[in-house]
There are 2 protein chains.
Amino acid sequence: MPNRLTGVWAAALTPLNEDLSVDLGAMVAHYRWLLANGCDGVAALGTTGEANSFTVAERHKVIEAVADAGLGDDAVMIGTGCCAFPDTVELTLAALAAGYHNILMLPPFYYKGVSADGLFATYATIIDRVGDDRLKVYVYDFPAMTGLEIDADLLARLHAAYPATVVGVKDSSGRWPDMEATCRRIPGFGTFAGTEQYLLPVVQAGGAGCISATANVTAPFCAEVWRAHRGGSGEAEALQERLSDLRLMLQRYPAVPSLKAIMAHHTGRDAWRRVRPPMLPLDQAAEARLLTEVTTAGLNLPEAA
Amino acid sequence: MPNRLTGVWAAALTPLNEDLSVDLGAMVAHYRWLLANGCDGVAALGTTGEANSFTVAERHKVIEAVADAGLGDDAVMIGTGCCAFPDTVELTLAALAAGYHNILMLPPFYYKGVSADGLFATYATIIDRVGDDRLKVYVYDFPAMTGLEIDADLLARLHAAYPATVVGVKDSSGRWPDMEATCRRIPGFGTFAGTEQYLLPVVQAGGAGCISATANVTAPFCAEVWRAHRGGSGEAEALQERLSDLRLMLQRYPAVPSLKAIMAHHTGRDAWRRVRPPMLPLDQAAEARLLTEVTTAGLNLPEAA
């Protein structure tokens with residue numbers, strides 16, 4: 001099984017400059033801080049990273065900044081899935097050229113009512129046009145955003161057709177039975193839960209770990225669960241319970257603005273609050289409620305870089 | 001009221017070459033055929049045109065081809081709405097530079113749960129960055145594809161903030177009460193129904209007309225309704241009833257592949273069957289069923305160019 005990636009991954013936030021361009025320096029610093037504080041890897045240019053609000057040219061710059069920073073191939077996944085398949089091909093080739101082989105790939109997400117055959121054909125078209133044996137695709141299944149369903153049958157079919165290339169999935173369906181079905185159906189597949197609420201269950205079922213938005217702030221707590229599991233410690237279940245409580249509290253707020261508000265508070269940098277349209281920053285009342293809940297929950301973050 | 005556009009508009013199909021690039025020559029010929037056979041205008045690069053499956057560079061080429069063909073400003077709307085607002089700004093500027101001022105603008109459609117304030121801010125950001133008084137925005141509301149709701153309140157708010165710029169809507173909700181609410185709420189606004197099923201009702205309610213996928217093949221029948229309405233003929237209701245029957249028959253099939261199959265059959269050009277991933281052509285059995293229904297319904301098309 002060619003999946004090499006496991007553990008705790010953050011779907012990393014993207015800090016923005018005043019003109020709403022990416023603050024590449026702060027972005028790399030945030031990635032390093034995550035990797036130093038509980039993350040086995042970061043997913044760049046995912047949903048939480050507002051990837052779909054950036055142009056292809058802007059995403060090229062993110063890939064270049066990650067490469068220039070020398071972050072390791074197995075510590076970064078690059079999100080490349082766009083609505084137009086030639087854009088996905090172009091960004092995937094750019095990631096490979098920059099030395100990053102692990103690609104988190106959304107299906108084209110504008111059109112709905114697309115069949116499993118249509119989704120299979122799309123991934124096949126992209127993989128064939130990229131034409132690079134080093135490519136490792138992690139299918140990105142996020143039905144609440146895409147309106148599309150990528151089930152264990154389709155994943156098994158893609159993996160059978162491209163066994164060395166389609167090696168995993170980020171399952172952001174929020175549905176544990178779906179994640180469990182994939183773990184059971186494709187042993188050794190890199191099944192990542194899209195929430196740390198299922199970190200311990202998914203690795204116990206044979207999956208790889210989690211890739212989560214809220215891991216931008218819960219990574220140290222995720223890492224405790226992961227270490228306890230790897231060490232065979234009896235504490236893993238209790239640590240998971242505390243982690244799930246944190247996640248469930250955080251997910252009552254809109255993900256990107258609330259996680260950015262926490263980072264702004266933690267770093268003292270207002271710049272962290274910026275989001276791209278169509279999102280808006282949290283209003284002051286919501287931010288105050290969130291920060292109170294964060295403090296009450298004992299979500300203390302390690303010092304910023 | 002600065003809306004100048006009315007009548008029957010087709011959300012035009014985009015014919016493709018064998019490598020899935022746009023067949024620009026066949027595209028322009030199709031636009032001309034529509035304009036000669038019942039359409040007051042064509043919407044280029046809409047949902048039916050598979051716009052979101054094309055890159056920004058490919059969409060530039062479509063805009064250039066329309067301009068090179070000398071199609072009139074008030075006979076073409078250009079779709080420019082992308083997920084990343086700088087792409088929408090870029091394509092809108094390109095349309096204006098090419099002489100086309102009527103823009104059909106989707107909101108950014110990846111992120112869900114976006115507030116009305118967030119959608120307002122997005123349109124405001126784009127309009128402000130474009131910064132051109134000649135711009136006429138037709139808001140493109142297609143909740144089944146975008147997962148977002150753009151209601152009469154939000155349209156009224158946008159129109160109040162930009163009275164000379166936000167001048168209409170393509171309401172593809174399929175919900176007649178929504179269309180009627182917009183006509184009532186903003187008199188003189190360019191409210192286009194996204195289906196010819198509501199062509200007569202929407203113009204009777206003070207709206208502008210329809211912009212429809214199926215008008216690629218029903219345009220001559222739409223035009224009969226429109227002419228009867230304009231001429232005050234008592235036949236308008238009966239003609240609308242026949243048109244609605246055609247529409248309801250056609251909309252039981254997946255829009256783009258089925259409309260392309262009809263065009264392939266009509267023109268004798270297999271090339272018309274090509275669609276971009278994630279869509280697939282109709283299978284042979286479905287195509288045969290569709291073509292039988294089309295014949296039975298008396299949907300005879302005028303000779304191809």
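Residue numbering restarts at 1 for every chain, and letters A, B, ... go by the order of the sequence lines. Keep in mind it's a predicted model, so treat the numbers as computed, not measured.
The closest side-chain heavy-atom distance from A/Phe85 to B/Leu20 is below 4.5 Å. At a threshold of 4.5 Å between non-hydrogen side-chain atoms, the residues A/Glu58 and B/Pro86 count as touching. A 4.5 Å side-chain heavy-atom check between A/Arg276 and B/Cys83 finds every atom pair outside the cut-off. For the pair A/Tyr111/B/Ser53, a side-chain contact is recorded, criterion being any heavy-atom separation below 4.5 Å from C-beta on.
Contact annotation for A/Thr125: only side-chain heavy atoms (C-beta onward) come within less than 4.5 Å of a heavy atom of chain B. Using a 4.5 Å cut-off between heavy atoms, A/Leu106 touches chain B through its side chain atoms alone. Contact annotation for A/Glu50: both backbone and side-chain heavy atoms come within less than 4.5 Å of a heavy atom of chain B. The contact between A/Ala51 and chain B is made entirely by backbone atoms, counting heavy-atom distances below 4.5 Å. Only the side chain of A/Arg129 comes within contact range of chain B, judged by heavy atoms closer than 4.5 Å. With a threshold of 4.5 angstrom between heavy atoms, A/Tyr110 approaches chain B through its backbone and through its side chain. Using a 4.5 Å cut-off between heavy atoms, B/Phe142 contacts chain A through its side chain alone, with no backbone atom that close. With a 4.5 Å cut-off on non-hydrogen atoms, A/Phe120 does not touch chain B at all.
With chain B as partner, the option from A/Pro108, A/Gly113, A/Cys82 having the largest number of non-hydrogen pairs under 4.5 angstrom is A/Pro108. If you tally non-hydrogen atom pairs under 4.5 Å between each of A/Val275, A/Thr47, A/Val256, A/Asp87 and chain B, the highest count goes to A/Thr47.
Heavy-atom neighbours of chain B within the stretch residues 143-156 of chain A, taken at a separation under 4.5 angstrom, comprise A/Ala144, A/Met145, A/Thr146. For a heavy-atom cut-off of 4.5 Å, chain B lies close to no residue in residues 168-176 of chain A.
To the nearest 0.5 Å, atom CG of residue A/Leu280 and atom OG1 of residue B/Thr122 are 7.5 Å apart.
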